[in-house]
Amino acid sequence: MRSHYCGQLNETLVDQTVTVCGWVHRRRDHGGVIFLDMRDRDGIAQFVVDPDTAQAFETADRARNEYVLRITGRVRLRPEGTQNPNMPTGMVEVLAKDVEVLNTAATPPFQLDEHGKVGEEVRLKHRYIDLRRPDMIEKLRLRSRISHSVRAFLENEGFLDIETPVLTRATPEGARDYLVPSRTHAGEFFALPQSPQLFKQLLMVAGFDRYYQIAKCFRDEDLRADRQPEFTQIDIEASFVEESDIMGITESMIQKLFKEVLDVTLPDFPRMTWQEAMDRFGSDKPDLRIPLELTDVDDLMKQVDFKVFSGPANADDGRVAALKVKGGASLSRKEIDEYTKFVGIYGAKGLAWIKVNERAKGLEGLQSPIVKFMENVVEELLERVGAEDGDIIFFGADKTQIVNEAIGALRVKLGADLKLYTQEWAPLWVVDFPMFETDGSGRLSPLHHPFTAPSCSPEELKANPAQALSRAYDMVLNGTELGGGSIRIHDQTMQRSVFEILGIGEEEAQEKFGFLLDALQYGAPPHGGLAFGLDRLVMLMAGAKTIREVIAFPKTQSAACLMTDAPGEVSAEQLKELNIRLRQKAKAEDAAQ
């Protein structure tokens, strides 16, 4: 129906006749001459309709925003003074000879160029309108280019694209499963996969050696800006590899991707242990663009006459950390109070601080309500954090986890608020994660998942599981975890040892993971892999604020689709087929009887 997209019209087509289909982006009547800005997925172009073409003029006269038109006309240069060098099509226009209305349109719920004044709920309700915006089109185009680049790289490296099941069984992988009732097996349920983890390991046992998949995954967990109940994962697995092999392949993939898509040259990724990341930045996904670091001062605070500091400093699970902000003494008391409220979100009971006005004057050159409690250690403290005139020092003092989360988050917020970024892109590998973490009851649980290989023998693991490290690795970019992976457990003895430490008995292990345990006895090769969050990757590369901006049809933060009104009720007949009776309706029926 057309010869060109709107965005393809340029000076090379001058004096040629073209046919374009698209939507009316804007209509302007300039004293008898009608200008139509037409839009399609490729861009916007200007069309001129004058009264000399009566039928075309009459059609253009009744056209309105979002009408679907087909226009045929001759490409010409725009008159001097009306050219727009900022638009790809801004040097030309089309003098229309024929205008056809392919479909009319009701007045849209919001104008595309005024979307910023409209709430997100309205835009999600009418997502098909929101997706017409040029910036949304560009984000999804970027997503497509990213997927294409990833596929091309992995195919070239010998990886096979293999699909794994979506209807599977529930396995504990760190989040709630989405369950699907079975009609043919009454009272039993499928689960939607949180990841293809077990199936990709089985593919390694099967000998496929190098596998990848851009897979849909599902997790019923609390949502935030970078989470969705259904998300897309670039899943990669290979056999006969060490950590360095997987890290090398995926690092090259990301470097090639950034160069092809953004023309950005990423440096080689530095490596940092999990412990170092937590000590220096309070986070296992530190944003290295921000030149702020946490400094341990526990030893200095053990004897101070200030229990807020001395208590955690002397506790086995406590930490006192200082965060020096260069030039931060200019922060007002109101701003400091706002930061105090901010760290409270992470469980901090307060935010102590010292402003260094004139260090040479000693205590008199410091401004803080806490200096009087720590006079004997102030000079050593200032020396340790490298404080200079005009700096401010913030303190976190509490359980180690609270200090890390609160002051780590404060570091990121200060970096953004004070525009402290030293570079545009800062990649990183975080390695040597703990094998297990402790929940509130003291029970051990896997930090990643129970199929991650430890970096020790089964005997050493059982002897001291809390201190064991795993063969896991995370790729971090600008403070966002792009992907995580590990070398997997490939022998039954080690897998059963991990299950035993986690309190998963033989019967439970066989019930939940029997098919994997059975497979491991048939010559499973050493293998490992990594999974990238495609949505997060696109969000970063697009400069978007949330992953909802780079997903065509996302859910809200309450895991609902406003456009389709999902989730929704189903009929009594469907429930009966599935042998399901809703508790609330059952109570009402019983009461009626």
Side-chain angles (χ1 to χ4, degrees), residues 224 272-302 304 306-329 331 333 335-356 366 368-371 373-374 377-378 380-387 391-422 426 428 430 434 437 476 478-481:
R224 58 189 185 208
M272 182 181 297
T273 66
W274 177 88
Q275 190 63 58
E276 181 184 355
M278 299 304 294
D279 289 345
R280 292 173 59 190
F281 307 106
S283 170
D284 59 5
K285 47 180 183 294
D287 190 340
L288 298 187
R289 298 173 301 166
I290 303 170
L292 301 178
E293 293 192 21
L294 280 65
T295 302
D296 275 322
V297 292
D298 299 50
D299 57 322
L300 299 180
M301 301 302 171
K302 287 185 176 181
V304 299
F306 189 42
K307 290 184 179 180
V308 172
F309 282 4
S310 61
N314 287 286
D316 292 337
D317 62 345
R319 183 183 189 190
V320 184
L323 181 70
K324 183 201 75 175
V325 183
K326 188 173 181 61
L331 290 172
R333 185 55 188 265
E335 289 172 312
I336 293 174
D337 289 344
E338 288 299 317
Y339 287 128
T340 303
K341 292 179 183 177
F342 175 77
V343 297
I345 298 172
Y346 299 89
K349 301 179 183 68
L351 182 64
W353 52 272
I354 297 175
K355 285 186 177 183
V356 183
L366 305 179
S368 170
I370 65 169
V371 170
F373 300 113
M374 42 197 293
V377 300
V378 164
E380 189 174 353
L381 168 68
L382 297 178
E383 191 67 31
R384 181 173 298 185
V385 301
D391 295 347
I392 189 171
I393 307 168
F394 290 109
F395 297 89
D398 210 308
K399 292 183 177 179
T400 299
Q401 182 177 350
I402 292 176
V403 171
N404 288 342
E405 291 181 358
I407 306 303
L410 176 64
R411 171 183 175 271
V412 174
K413 184 167 178 58
L414 286 166
D417 291 351
L418 304 180
K419 297 180 173 55
L420 301 178
Y421 300 124
T422 59
L428 171 71
V430 178
E437 60 183 347
V476 177
N478 292 2
T480 295
E481 178 194 329

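Listed by chain and residue number, nothing satisfies the side-chain hydrogen bond (donor to acceptor under 3.5 Å, both in side chains) test with Lys307 (two or more places apart in sequence, or in another chain). With sequence neighbours left out, Tyr339 forms a ring pair (Phe, Tyr, Trp, His ring centres under 6.0 Å) with no residue at all. With sequence neighbours excluded, the residues that form a salt bridge (Lys or Arg N to Asp or Glu O under 4.0 Å) with Lys341 are Glu338. Residues passing the side-chain hydrogen bond (donor to acceptor under 3.5 Å, both in side chains) test with Asn314: none are found, sequence neighbours excluded. Applying the side-chain hydrogen bond (donor to acceptor under 3.5 Å, both in side chains) criterion to Asp279, with sequence neighbours excluded, gives Gln275. Ala426 is linked by a side-chain contact (heavy atoms from CB on, under 4.5 Å) to Leu288, Arg289, Gln423, Asn478, counting only residues two or more places apart in sequence or in another chain. Qualifying side-chain contact (heavy atoms from CB on, under 4.5 Å) partners for Ala348, counting only residues two or more places apart in sequence or in other chains: Val343, Ala406. Residues passing the side-chain contact (heavy atoms from CB on, under 4.5 Å) test with Leu366 are Ile354, Val356, Leu363, Val371, Val378, Leu382, sequence neighbours excluded. By the ring pair (Phe, Tyr, Trp, His ring centres under 6.0 Å) test, Tyr421 is found to be paired with no residue, residues two or more places apart in sequence or in another chain being considered. For Arg280, the side-chain hydrogen bond (donor to acceptor under 3.5 Å, both in side chains) partners at least two apart in sequence or on another chain are Glu276, Glu293. Taking the salt bridge (Lys or Arg N to Asp or Glu O under 4.0 Å) definition, one finds that Arg411 meets it with nothing, sequence neighbours left out.
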Listing, residues 391-399 side-chain donor-acceptor contacts under 3.5 Å, not counting sequence neighbours, or none:
residue, atom, partner, partner atom, Å
Asp391, OD1, Gly327, N, 3.0
Asp391, OD2, Glu388, N, 2.8
Asp398, OD2, Lys349, NZ, 2.9

